[in-house]
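Just so we're on the same page: letters track the sequence lines, and every chain starts at 1.
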There are 2 protein chains.
Amino acid sequence: MHRHEGHDACRSGTRDMLARAEAVCRERGLQFTPLRREVLEAVVAVGKVQGAYDIAERLSAPGKRVAPVSVYRALDFLMEQGLVHRIASRNAFIPCAHDHAPGAGVIFLICRSCGVVDEASSEEVEGGLGRTLKRAGFTPSHSILEVEGDCGACRDRDQAP
Amino acid sequence: MHRHEGHDACRSGTRDMLARAEAVCRERGLQFTPLRREVLEAVVAVGKVQGAYDIAERLSAPGKRVAPVSVYRALDFLMEQGLVHRIASRNAFIPCAHDHAPGAGVIFLICRSCGVVDEASSEEVEGGLGRTLKRAGFTPSHSILEVEGDCGACRDRDQAP
DNA sequence: GCGGGTTTGTTACAGTGTATCACCGCCGCC
DNA sequence: GGCGGCGGTGATACACTGTAACAAACCCGC
Ligand SMILES: [Zn+2]
Ligand SMILES: [Zn+2]
Ligand SMILES: [Zn+2]
Ligand SMILES: [Zn+2]
């Protein structure tokens, strides 16, 4: 069922996220380099969907340019480690504060007005999808489920200004 | 529930598809122009996911160039009329031989080996997703559900060559 | 025929993602 | 110490995807 902590936990301090990233990398014998750290910080700090070029621009400063290709490499790494998700419908990236069970389906709730992306999960959806695929004789390798709409916060804000 | 006719019906003759397109356009007072017809023919004929540039190249011939931008415009039109779907995870397009109820969710089953895309639907998934969104206080405007994997035909072919 | 909306052609451009190669830093090995 | 492999980074170039802008052609009703 849906045991989700809400937006605040999703954007749980940059510190927690970085600590987790360090732990993950140490545990797997991988390098958590300065570039990877900066990219993850940028993704977490903004909290909304961001394109790779946005991140590159944000990390660049007069005299220190970070090329998009470097950002892509860092994002690929972070995605492999489950620290970042890619939102296919937006060509953009968000941090992941969860610890997804391997193979568990994630539902992305993308707010079109504030750009915040919440994550949810549902045994019911998961089960129904599995049965549907089985019935169709289809062997899934990986699926994406992205919903665009308005989050509760934005709806409240718009209705009672 | 899933009342789907299978791949053959999906790729049901080009003729059926064109007849339906003509009917739809006439009924709605829209023009089914030669370009739109050619683009739809190309999408139907191949039957697999195709990028807009693939279609443009396919329609181009020595002496007669079809620019990608024209293809995009035709595809936009065909999508608005429900004759073509866009597959977000592939930046590609497929024909739709179904008559979807407005607002009904579609599940795309994308075979990574043959490129054929099947469509399915499931009340169970639909309902579970609706309840999950409601619980999260999220008002959906539109969602995509795309599954990548291996279709039955390819699995059979690979196992018994 | 004329005027106004729609469709198409053409060009240019913005946005997204990858290939390639060179360089660097590190670590293990001789 | 010297050497070679290996992973990460920088830099450039390029491919792929999609859109903006404007002009020309087309259609249709008046
Ligand atoms: Zn996540
Ligand atoms: Zn919002
Ligand atoms: Zn369809
Ligand atoms: Zn297949």
Side-chain angles (χ1 to χ4, degrees), chain A residues 21-22 24-26 28-43 48-81 83-94 115 144 146, chain B residues 21-22 24-26 28-43 48-81 83-94 115 144 146:
Chain A
E22 275 173 14
V24 162
C25 290
R26 193 166 38 238
R28 300 179 191 172
L30 302 170
Q31 307 179 36
F32 191 53
T33 64
L35 177 66
R36 291 170 179 172
R37 165 184 288 271
E38 284 171 35
V39 169
L40 182 56
E41 280 176 352
V43 173
K48 312 177 179 187
V49 285
Q50 282 186 104
Y53 280 67
D54 297 333
I55 299 169
E57 192 176 356
R58 177 172 305 271
L59 293 183
S60 292
K64 177 208 172 203
R65 167 181 134 89
V66 178
V69 61
S70 298
V71 174
Y72 275 111
R73 284 190 289 227
L75 287 171
D76 287 342
F77 174 85
L78 295 170
M79 280 192 290
E80 276 167 18
Q81 308 315 318
L83 298 163
V84 162
H85 292 296
R86 182 176 139 81
I87 305 297
S89 60
R90 293 284 195 104
N91 295 327
F93 304 83
I94 57 162
I144 67 175
E146 302 178 3
Chain B
E22 274 173 15
V24 162
C25 290
R26 194 166 37 239
R28 301 178 191 172
L30 301 170
Q31 307 180 35
F32 191 52
T33 65
L35 176 65
R36 290 170 180 172
R37 166 184 287 269
E38 284 172 36
V39 169
L40 182 56
E41 279 176 352
V43 173
K48 313 177 178 186
V49 286
Q50 282 186 105
Y53 279 67
D54 297 333
I55 299 169
E57 192 176 355
R58 176 173 304 272
L59 293 182
S60 292
K64 176 208 172 201
R65 166 181 138 88
V66 177
V69 60
S70 298
V71 174
Y72 275 111
R73 285 191 288 228
L75 287 171
D76 287 343
F77 173 85
L78 295 170
M79 281 192 290
E80 277 167 17
Q81 309 314 318
L83 298 162
V84 163
H85 292 296
R86 183 178 137 80
I87 306 296
S89 61
R90 294 285 194 103
N91 295 328
F93 304 84
I94 57 160
I144 66 175
E146 301 177 4

If you look only at distance, which donor and acceptor atoms sit under 3.5 Å apart when one is on a side chain in residues 34-41 of chain A and the other is two or more places apart or in another chain?
from	atom 1	to	atom 2	distance (Å)
A:Arg36	NH1	A:Gln31	O	2.8
A:Arg37	NH2	A:Glu22	OE2	2.2
A:Glu38	OE1	A:Lys64	NZ	2.9

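The residue among B:Tyr53 and B:Thr33 whose nearest nucleotide of DNA chain C is located toward the 5' end is B:Thr33. Projected onto DNA chain D by closest heavy-atom contact, B:Gln31 and B:Ala52 fall at different nucleotides, the more 5' of which corresponds to B:Ala52.
Residues B:Leu59 and B:Ala42 approach most closely at CD2-CB, 4.0 Å, considering heavy atoms.
Within residues 84-92 of chain A, the residues that place at least one heavy atom under 4.0 Å from DNA chain C are, in residue-number order, A:Arg86, A:Asn91. Annotation: proximity of residues 61-76 of chain A to DNA chain C (heavy atom, distance under 4.0 Å) is found for A:Val69, A:Tyr72, A:Arg73, numbered in ascending order.
Evaluation of the side-chain contact (heavy atoms from CB on, under 4.5 Å) rule for B:Val69 yields B:Ala67, B:Arg73 as partners, not counting sequence neighbours. Residues forming a side-chain contact (heavy atoms from CB on, under 4.5 Å) with B:Ala92 (at least two apart in sequence, or on another chain): B:Val49, B:Arg90. Remark: A:Asn91 engages A:Arg86 in a side-chain hydrogen bond (donor to acceptor under 3.5 Å, both in side chains) (not counting sequence neighbours). Here A:Ser89 pairs with A:Glu146 under the side-chain hydrogen bond (donor to acceptor under 3.5 Å, both in side chains) rule; sequence neighbours left out.
Once rounded to the nearest 0.5 Å, the distance linking NE2 of B:His85 with CD1 of B:Ile144 reads 13.0 Å. Distance check, rounded to the nearest 0.5 Å: CZ of B:Phe93 to CG of B:Leu83 gives 14.0 Å.
Counting only heavy atoms from C-beta outward, the side chains of A:Leu78 and A:Val43 never approach each other to under 4.5 Å. Considering only heavy atoms from C-beta on, A:Asp76 comes within 4.5 Å of A:Met79 through its side chain.
First and last contacts of DNA chain D with chain A, using any nucleotide atom under 4.0 Å from a protein heavy atom and ordered 5' to 3', fall at D:dG7 to D:dT12. Taking every nucleotide of DNA chain C with any atom under 4.0 Å from a non-hydrogen atom of chain B, the first and last of them, 5' to 3', are C:dT6 to C:dT11.
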### Task
Please assess B:Phe77 against B:Thr33 for the test side chain to side chain contact (heavy atoms under 4.5 Å, CB included), listing each intermediate value before the final yes or no.
CA-CA 11 Å; B:Phe77 173 85; B:Thr33 65; over 6 Å; no
